[in-house]
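Just follow the structure's listing: the first ligand is 1, and inside any ligand the first atom is 1.
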Amino acid sequence: MKKKVRKALFPAAGLGTRFLPATKALPKEMLALVDKPLIQYGVEEAIAAGCEQIIIVTGRNKAEIEDHFDISFELEQLLERRGKTDLLAMTRQVSHMARIAYVRQKEAMGLGHAVLMARDLVGDEPFAVILPDDIIAAEVPCLQQMIEVFEKTQSSILATQVVEGPSISSYGVLDCTADAEDPRLVAVRTLVEKPAPEEAPSRNAIIGRYILTPRIFDVLENTALGAGGELQLTDGIKGLLEFEEVYGYTFEGTRYDAGDKLGMLKATVEFSLRRDDLGPEFREYLKTLSL
Ligand code: G1P
């Protein structure tokens, strides 16, 4: 019987050092892109793709994430009293959008370790992983595109994008071969986390969307610490290749690295311009700047 992807996992225990000082006391997942915290974009994407359960791996100082998706009693009362029905509806929608379970990652030991923390909550079924600072604007949500492929392959799938230049060494990189039928699909031969630019096996970088089969948990349990002394998800997936096929998928859409200051600025401009309520005025404002 074909397996379905019902659960989406969000690693959110990282320290967000690339965005200091904003992330000194605020979780990076709570940084606002226009008017929504980054993690909400990811949760909305997972729900749009048909996921029924959200699992967020948090750590110390991440309470704001739980508060955000919880009912805000005082705020709701205030908005009700003031007759702000639109804002009230928006606030309620956030607290009712998903079934969310939280699990703590007590030590910052890497993305693979964060995924392993959710083993009991995921159980024996395929699941999605969304890295909340990778924001992807797409007509069909990126995760939905990947789930459609998974429904055919029933194999693990990693979102991938071509990255030129030395910044390839900020990513996991695929060594892969083209699929005979689907031009967006590649079969992964092996993969390497954050290679030196001259050692990158290709330009195909891993972007923060994964669909993984549950065997990844056993493999991660037996994976040695890798780059940066952390348990890398990339190394776990490399181990998975000894048992199963893994594919890379070139998604349709634009990805923003919103965990990075410049990436966040680009996303802010483009997302604002696309908004009906802000776009027209913002466009006029931008035109007045002498650049
Ligand atoms: C993580 C992964 C890396 C992937 C990247 C995508 O790295 O370890 O393989 O390419 O996300 O954003 P990080 O950005 O957490 O250093």
| Is ligand 1 less than 4.0 angstrom away from at least one heavy atom of D134? | yes
| field | Lys/Arg-Asp/Glu bridge criterion (N-O < 4.0 Å) met for R119, E221 | value | yes
| remark: For T234, the atoms of ligand 1 under 4.0 Å from one of its heavy atoms are 9 (O)
| Residue and atom name of the nearest protein heavy atom (relative to atom 9 (O) of ligand 1), distance in Å to one decimal | E193 OE1, 2.7 Å
| With Y247, which residues qualify under ring pair (Phe, Tyr, Trp, His ring centres under 6.0 Å), at least two apart? | none
| field | Ligand-residue contact atoms, ligand 1 with K194, heavy atoms, under 4.0 Å | value | 7 (O), 8 (O), 13 (P), 16 (O)
| query | Is it true that E230 lies under 4.0 Å from ligand 1, counting heavy atoms only? | reply | no
| note | The protein heavy atom nearest to atom 5 (C) of ligand 1 is I206 O, 4.0 Å
| message | Name the residue from K2, K7, K3, R215 that meets the salt bridge (charged side-chain N to carboxylate O under 4.0 Å, His left out) definition with E125. | response | K7
| Ion pair present between K152 and D182, side-chain N to carboxylate O less than 4.0 angstrom? | no
| message | Looking only at protein heavy atoms, which one is nearest to atom 11 (O) of ligand 1, and what is the separation? | response | L131 CD1, 3.3 Å
| Would you find a donor on one side and an acceptor on the other, under 3.5 Å apart, between the side chain of K28 and the backbone of G259? | no
| message | Over 60° means perpendicular and under 30° means parallel, so tell me whether F127 and F217 are parallel, tilted or perpendicular. | response | parallel
| Which atoms of ligand 1 are found less than 4.0 Å from any heavy atom of R255? | 12 (O)
| So, for atom 13 (P) of ligand 1, does the protein have a heavy atom nearer than 4.0 Å? | yes
| message | Does K36 qualify as a cation-pi partner of Y41, given the criterion of NZ or CZ under 6.0 Å from the six-membered ring centre and within 45 degrees of its axis? | response | yes
